[in-house]
Protein chains: 2
Amino acid sequence: MDRIRNFGFILKNLERLYTKRFEMLAQELSLTLAQCKALFNLARNQGISQKRLAEICEIEPMTLVRILDRMEADGWVERRPDPNDRRARTLYVTSGATPILEQIDKLSAQMRAEALAGLNAEQRNQLMGLLEHVYQNLVSTKVEPLAAAARPATALPIRKKAQ
Amino acid sequence: MDRIRNFGFILKNLERLYTKRFEMLAQELSLTLAQCKALFNLARNQGISQKRLAEICEIEPMTLVRILDRMEADGWVERRPDPNDRRARTLYVTSGATPILEQIDKLSAQMRAEALAGLNAEQRNQLMGLLEHVYQNLVSTKVEPLAAAARPATALPIRKKAQ
DNA sequence: CTGAGATAGTATCAAGTGATATTATATTTA
DNA sequence: TAAATATAATATCACTTGATACTATCTCAG
């Protein structure tokens, strides 16, 4: 009946499946999806700061710190001092990371092939368009977080964090 | 250009945004999305076992144990012995949880309203259909996990788990 | 120029998740 | 029917993640 009710759930399940599958395929790269994403985005933006890369990847700066720690130790990323700001670092992909980047490319192509199998070009575009639309909707709720908050009729004890 | 390249990333970002927004709205229920999902599914399947509920929710049984621990302590869920199997427990939503369930209903309706704003009924259906399709694709890769594994040209050291 | 506040990166802490092992009980097999 | 195996729930462990606090540095008001 009202299949839309499952929107949130399917989104969550889908994401988990996708990530799991990706990391299974990426096992031999010893990279998580988060790392691949960081490396991929860095490669297209050499010399940017950690703050900026975190923004691009849409993760917390602290999360990125750890991802970079790992990849720096593995020799795929370099942190150089920023000559204009002694607080900041500029980030670079090392030449050693080139084969990794190629692997990531292949991997993501395969992931997309698997995930989008059976959908033609038009459907794929539709899907992306719809997802981008939803994404934008959610981004704007972040900007005005109070706007539409549903107040429950009965106030319940607030806990720091549940589960 | 090739916007499809972002499919994996947008999926992940979307899911995180969605979850975050949901939990912001649900703060006063002191419930996470995972708990809401469990409670919601349990309410529709009173008397089932933990194993079964974990399957329905598509989470690990161990994860469910913890979710139930919390909700049982909060008095919203009951674990009763299974008369036919002394290993198992049967699960019930308590009457006290009724208002919570109503809140969850409202909340998820609002979430969907926010997330799907600007999409007409046809587009919403399209989106769900496409997501379900992708979901099925990924589910089937799980069944035959080796089928299409992309072997990298250069073998890299395998690590237990990366960042 | 100087002090107040902002900002970049990082350490620390609290919480959640999944994998694996464990225990009690069921089921199957010989 | 006794032994071997499977299963439901759970304890424990390892690993992520995000929130918050902290340090060094920058920027801006006065």
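All heavy atoms count here, side chains included; hydrogens, waters and symmetry mates do not. In what follows, chains are A, B, ... by sequence order, proteins preceding strands, each numbered from 1.
- Mapping A:Lys12 and A:Ala88 onto DNA chain C via the closest heavy atom, the residue that lands nearer the 5' end is A:Ala88.
- In this structure, CG of A:Asn84 is placed 17 Å from C1' of D:dA24, rounded to the nearest angstrom.
- For the pair B:Asp69 CG and C:dA15 C1', the interatomic distance rounds to 15 Å; values are reported in whole Å.
- In the hydrophobic clustering, where aliphatic and aromatic side chains (Ile, Leu, Val, Met, Phe, Trp, Tyr) are joined below 4.5 Å either directly or transitively, B:Val65 groups with B:Met62.
- For the segment residues 39-53 of chain B, residues with any heavy atom less than 4.0 angstrom from an atom of DNA chain D are, sorted by number, B:Ser49, B:Gln50, B:Lys51.
- A side-chain contact (heavy atoms from CB on, under 4.5 Å) with B:His133 is found for one member of B:Leu131, B:Asn137, B:Leu130 and no other, namely B:Asn137.
- Residue B:Glu55 contributes atom CD, which lies 12 Å from atom C1' of D:dT7 at whole-angstrom precision.
- Looking at A:Lys51 and A:Glu55, a side-chain N of the basic residue comes within less than 4.0 Å of a carboxylate O on the acidic one, giving a salt bridge.
- Within the 4.0 Å cut-off from OP1 or OP2 of C:dT10, at least one side-chain nitrogen or oxygen of A:Arg79 is found.
- If you check distances only, the side chain of A:Arg66 does reach the base of D:dG18 with a donor-acceptor pair under 3.5 Å.
- Rounding to whole angstrom units, CZ of residue A:Arg89 and C1' of D:dA24 are separated by 12 Å.
- Counting to the nearest Å, the P atom of D:dT16 and the CD atom of A:Glu15 are 16 Å from each other.
- If you find the closest nucleotide of DNA chain C to B:Met62 and to A:Asp85, the one lying nearer the 5' end belongs to A:Asp85.
- In terms of polar N and O atoms assigned as donor or acceptor, the side chain of A:Arg87 comes within less than 3.5 Å of the base of C:dT7 in a complementary pairing.
- C:dG18 atom P lies 18 Å from atom CZ of A:Arg21, rounded to whole Å.
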Apply side-chain hydrogen bond (donor to acceptor under 3.5 Å, both in side chains) to the pair B:Glu114 and B:Gln110, showing each step before the final yes or no. CA-CA 6 Å; B:Glu114 287 184 7; B:Gln110 172 170 8; 3.1 Å; yes
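- Note on B:Trp76 and B:Leu101: same hydrophobic cluster, where clusters join Ile, Leu, Val, Met, Phe, Trp and Tyr whose side-chain heavy atoms are under 4.5 Å apart, directly or indirectly.
- Atom CD in B:Glu72 sits about 12 Å away from atom C1' in D:dA9, given to the nearest Å.
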Can you give me every donor-acceptor pair (side chain of residues 115-123 of chain B, partner residue at least two apart or in another chain, under 3.5 Å) with its distance?
from     : atom 1 : to       : atom 2 : distance (Å)
B:Asn120 : OD1    : B:Glu122 : N      : 3.1
B:Asn120 : OD1    : B:Gln123 : N      : 2.7
B:Gln123 : OE1    : B:Asn120 : N      : 3.0

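- Remark: B:Lys20 is in phosphate contact with D:dA19, judged by side-chain N or O atoms under 4.0 Å from OP1 or OP2.
- The existence of a salt bridge linking B:Glu15 and B:Lys12 is excluded, since no basic side-chain nitrogen approaches an acidic carboxylate oxygen closer than 4.0 Å.
- We find that CG of B:Asn13 is positioned 13 Å from P of D:dT17, with the value rounded to whole Å.
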